[in-house]
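Notes to accompany the following structure.
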Amino acid sequence: SEKKIALEIKNLKVSYGAIQALKGIDLTVYEGDVVAILGANGAGKTTTLKKISGIIDGEDGFIKLYGQDITKMEPEKIARLGISMSPEGRAVFKDLTVEENLKAGAFTLKDREKIRKNFERVYRYFPVLEERKNQVSSTLSGGEQQMLAIGRALMSSPRVLLLDEPSLGLAPLIVQDIMKIVKEIKEEGTTVVIVEQNAAQTLKIADYGYVIELGKVSTHGKASVLADDPKLVEAYLGKH
Ligand code: ATP
């Protein structure tokens with residue numbers, strides 16, 4: 001049977017004042033895949049995720065979630081429809097405890113049993129968060145805050161999880177852990193869109209990848225093909 005399209009993005013354009021950050025992005029995300037968005041600093045990766053989650057406005061193009069047009073919806077509505085974002089820079093509620101942060105992530109849910117199951121899921125991925133559930137989040141390490149941001153995004157049972165640079169500033173061993181968990185999240189049925197600087201490691205767990213340059217898609221293809229593309233290896237992948 002054919003795979004369903006979870007997210008369909010066509011000709012997306014976004015500007016910040018005079019700066020056009022996205023100049024017409026096309027992107028298709030199939031249900032159950034991990035899709036990597038790669039590219040240099042300032043290419044427009046974060047802007048793409050922010051636009052999908054509705055926290056910034058666009059000028060042109062459309063975004064469809066399972067065929068439903070969400071282009072102009074409010075962020076809260078988009079979250080209720082099943083898109084959840086883990087922002088760059090460990091943006092957790094610093095004054096709240098770990099448990100309170102996770103509870104806040106479940107704001108779209110009423111079903112207590114489902115919320116309980118989501119706590120279980122997050123604590124299974126990140127046991128350190130359960131150990132520290134009563135700790136104020138500002139006192140967590142950088143890596144733990146990153147885990148909390150991902151965990152919070154998972155608490156709403158998203159159909160599509162958007163991850164903005166989950167490995168930023170983390171030690172190599174923790175980066176490996178995070179990538180392994182992203183793979184597990186996918187294997188449990190959540191579609192994932194992941195923005196990363198860490199291209200080589202991300203392509204290992206991704207199904208498909210897009211490279212964004214100056215607000216446009218310059219290349220896209222199966223992750224395994226992109227990982228072997230000599231031009232990409234030169235530009236983004238380094239020699240790992
Ligand atoms: P990085 O890897 O450095 O996070 P990115 O690919 O995620 O980069 P974006 O953050 O999407 O890039 O930024 C795309 C462009 O839009 C950049 O030129 C950036 O300077 C600009 N930009 C982003 N946010 C704003 C803003 N709030 N106001 C003005 N310009 C912005």
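Whatever order the structure lists ligands and atoms in, that order sets their numbers, starting from 1.
By the 6.0 Å contact criterion, CD1 on Ile55 is enclosed, its count of non-hydrogen atoms from other residues, nucleotides or ligands being greater than 12.
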What pairs of donor and acceptor atoms, side-chain ones from residues 14-22 against any protein atom, are under 3.5 angstrom apart with sequence neighbours left out?
| unit_1 | atom_1 | unit_2 | atom_2 | d |
| --- | --- | --- | --- | --- |
| Ser15 | OG | Glu59 | OE2 | 2.5 |
| Tyr16 | OH | Thr47 | OG1 | 2.8 |

Tabulate below the donor-acceptor pairs under 3.5 Å that side-chain atoms of residues 29-40 make, not counting sequence neighbours, or state none.
| unit_1 | atom_1 | unit_2 | atom_2 | d |
| --- | --- | --- | --- | --- |
| Glu31 | OE2 | Tyr66 | OH | 2.7 |
| Asp33 | OD1 | Lys3 | NZ | 2.5 |

Using a 3.5 Å cut-off and no angle test, enumerate the donor-acceptor pairs between side-chain atoms of residues 79-87 and protein atoms at least two apart in sequence or in another chain.
| unit_1 | atom_1 | unit_2 | atom_2 | d |
| --- | --- | --- | --- | --- |
| Arg80 | NE | Glu76 | OE2 | 3.3 |
| Arg80 | NH2 | Glu76 | OE2 | 2.8 |
| Ser84 | OG | Ala153 | O | 2.6 |

> Step by step, would you call Glu74 with Lys77 a salt bridge (charged side-chain N to carboxylate O under 4.0 Å, His left out)?
Replying inline: CA-CA 5 Å; Glu74 294 295 321; Lys77 180 105 189 271; over 6 Å; no
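Contact shell of ligand 1 (protein heavy atoms, cutoff 4.0 Å): Tyr16, Ala21, Ala40, Asn41, Gly42, Ala43, Gly44, Lys45, Thr46, Thr47, Glu88, Glu165, Gln197.
Using a 4.5 Å heavy-atom threshold, the side chains of Gln197 and Thr202 count as separate.
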